Trainee: 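Structure incoming, see below.
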Number of protein chains: 2
Amino acid sequence: MQETAKPQKPSRRSFRHIESVSIGTQLYHHLRGAIIRGELRPGQALSEAEIARQNSTSRQPVREAFIKLAEERLVSIQPQRGTFVVKISVADVLDARFVREAIEVAVAQEAATSAPPSAIKDLRQLIEKQKSMEHGHNEEFLALDEEFHRTIALSVGRAHAWRVIENIKAQMDRIRYLSLDDATPLPLIIEQHTRMVDGIEAGDPTAAAAATRSHLREIIVSLPDIAARFPDFFEAA
Amino acid sequence: MQETAKPQKPSRRSFRHIESVSIGTQLYHHLRGAIIRGELRPGQALSEAEIARQNSTSRQPVREAFIKLAEERLVSIQPQRGTFVVKISVADVLDARFVREAIEVAVAQEAATSAPPSAIKDLRQLIEKQKSMEHGHNEEFLALDEEFHRTIALSVGRAHAWRVIENIKAQMDRIRYLSLDDATPLPLIIEQHTRMVDGIEAGDPTAAAAATRSHLREIIVSLPDIAARFPDFFEAA
DNA sequence: ATTACCATACATGTATGGTAGAGTCGCGTA
DNA sequence: TACGCGACTCTACCATACATGTATGGTAAT
């Protein structure tokens, strides 16, 4: 009943830039970003058909994007009912944080004993960039923060470990986006980053681990506030 | 209402036991097991069409199973070329092991401080089961080993952490299946399990962590041998 | 007013045809 | 013999049609 016109290859999807990547993968990245940034709100229904229409494609690539999102626990596919953006679970975020801390602390210890000097230089530069961005531009700051952590992992060849963290981070980043307008204590974060690099550069695994640990525990204190301020983003306790 | 009998329904599909799970998901579990057990050999091509025929279904569910396997890095989908079982990379296995150690050590430390006594009892029982299975039945032993580790994680509510490990384990389990016929030192593994539980029961995080660490480092020593014995299972160095 | 039923719309799951790109093979030419 | 080029085959990818389960609003019976 819907229109069926389709005379000619409608051609051209709004956000497709790279031709070689499959549509399903592109949709996945597109939707993933929108969920993390909070543009798609928890609980919201995502219809295969509607998203397919919006992007001038068919249901199949959308479906494949949904499957990937479901693997990452960003959406919940309920057969014959619908697909929904999952609400944030405080317990899940804390559990994800636990895993992230375990991995990143181990990586930091390794970096303290065997990261090359060039990596130290890169990290210092990233911190300088972060300092020059203290006012506004919080979203770009998040990107720099991510690059900082990734650089540490890659400096000791832990690409796989970083991949694991990337998945886990999605859940935590949803929180950070919620608190963007907040008076995020960027100087504090930068100070913590500095201590991490100090520990790594000094070849002191214990110090590097401790700095990493306290850095990654920040979210524990801010989480209750955020959950209270955005109740409909969170699962009912 | 939930009986419904279902008198007809062709009932084909060799391995379908649970009616409510989608075919794509079933195929995923089916293929995943076959890859881990080494029945599907690394490098082997998997054709959407052929697997669809073998299971009397269409290509679409097979495709979705492939996507899930690719997320787990068990197959590599190469557009317009084919989908292949990935060869094992020694470096990737070691990196995966690193992540697993980081998480499980953290879990063990937590268990040492807060696992309930009932969990200790369950773990001791599992070890007894493992002892009674020392000869042959190596495959069942692997299942008991997995249950042992999972029980520790769940005893302190780290379900998410276990989920992460489960994915990582797939790569490592492929190795373990290769060395099944080997004279696997089961008594040694059981001894290590025992020390882990001893540390947890004693409330000694350091001991529990050390026991877990040495247990999970076994694979490092056996890996080179296995890679040498099954060269075509591994990526060219 | 309330309940039971049913038509309808809409959701995901599955089947199938078509398309474009990559690899292979063999023929024809230099 | 060596090399280039086109026909053929195979693949994953996409579009579309159909199957089937679920939510919902209107309606008739109580």
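Numbers restart at 1 for each chain; the letters A, B, ... are given by sequence-line order, proteins then strands. When reading the values below, keep in mind they use all heavy atoms of this one structure, side chains included, and skip hydrogens, waters and symmetry mates. This is a predicted model, so every value here is computed, not measured.
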Trainee: Which side-chain N or O atoms in residues 150-157 of chain B pair as donor and acceptor under 3.5 Å with protein atoms at least two apart or in another chain?
Mentor:
unit_1, atom_1, unit_2, atom_2, d
T151(B), OG1, E147(B), O, 2.6
S155(B), OG, I152(B), O, 2.6

Trainee: Which residues pass the ring pair (Phe, Tyr, Trp, His ring centres under 6.0 Å) test with F84(A), sequence neighbours left out?
Mentor: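 For F84(A) there are no ring pair (Phe, Tyr, Trp, His ring centres under 6.0 Å) partners, ignoring immediate neighbours.
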Trainee: In whole angstrom, give the distance that lies between atom CD1 of I67(B) and atom P of dT11(D).
Mentor: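 From I67(B) CD1 to dT11(D) P: 17 Å.
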Trainee: Quick one: ring pair (Phe, Tyr, Trp, His ring centres under 6.0 Å) partners of F98(B), sequence neighbours excluded?
Mentor: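 F98(B) satisfies ring pair (Phe, Tyr, Trp, His ring centres under 6.0 Å) with no other residue.
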Trainee: Provide a list of protein-nucleic acid N or O atom pairs under 3.5 angstrom, restricted to nucleotides 9-12 of chain C.
Mentor:
unit_1, atom_1, unit_2, atom_2, d
dT12(C), OP1, L46(A), O, 3.3
dT12(C), OP1, T83(A), N, 3.4
dT12(C), OP1, T83(A), OG1, 3.1
dT12(C), OP2, E48(A), N, 3.3
dT12(C), O4', Q80(A), N, 3.4
dT12(C), O2, Q80(A), NE2, 2.9

Trainee: Separation of E64(A) atom CD from dT14(C) atom P, in whole Å?
Mentor: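 These atoms are roughly 13 Å apart.
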Trainee: For F148(B), enumerate each residue passing the ring pair (Phe, Tyr, Trp, His ring centres under 6.0 Å) test, keeping only those at least two apart in sequence or located in another chain.
Mentor: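 Partners of F148(B) under the ring pair (Phe, Tyr, Trp, His ring centres under 6.0 Å) test: H193(B).
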Trainee: Starting from the first five and the last five pairs of the helix from dA1(C)-dT30(D) to dA30(C)-dT1(D), work out the angle between the resulting helix axes, to 10 degrees.
Mentor: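 Here the helix ends are tilted 10° relative to one another.
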Trainee: In whole angstroms, how far is the P atom of dG17(C) from the CD atom of Q60(A)?
Mentor: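 Result: 15 Å.
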Trainee: Would you give me the side-chain donor-acceptor pairs under 3.5 Å for residues 76-83 of chain A, sequence neighbours excluded?
Mentor:
unit_1, atom_1, unit_2, atom_2, d
Q78(A), OE1, R81(A), NE, 2.8
Q78(A), OE1, R81(A), NH2, 3.3

Trainee: At less than 4.0 Å, is any side-chain N or O atom of T57(A) found next to OP1 or OP2 of dA15(D)? Yes or no.
Mentor: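 Answer is yes, contact under 4.0 Å.
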Trainee: Which residues pass the ring pair (Phe, Tyr, Trp, His ring centres under 6.0 Å) test with H160(B), not counting sequence neighbours?
Mentor: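 Partners of H160(B) by the ring pair (Phe, Tyr, Trp, His ring centres under 6.0 Å) criterion come out as none, since no residue qualifies.
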Trainee: Does the Q26(B) side chain pair with the main chain of V21(B), one donor and one acceptor, at a distance under 3.5 Å?
Mentor: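 Indeed, once roles are kept as given, a pair shorter than 3.5 Å links the two residues.
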Trainee: Measure the distance from CZ on R53(A) to P on dC14(D) and round it to the nearest whole Å.
Mentor: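 To the nearest whole Å, that distance equals 19 Å.
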Trainee: Counting only side-chain N and O atoms of S58(B), is one of them less than 4.0 Å from OP1 or OP2 of dA15(C)?
Mentor: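 Checking dA15(C) against S58(B), a side-chain N or O does come within under 4.0 Å of OP1 or OP2.
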Trainee: According to salt bridge (charged side-chain N to carboxylate O under 4.0 Å, His left out), who are the partners of E101(B), at least two apart in sequence or on a separate chain?
Mentor: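 For E101(B), the residues satisfying salt bridge (charged side-chain N to carboxylate O under 4.0 Å, His left out) (neighbours in sequence not counted) are R97(B), R213(B), R217(B).
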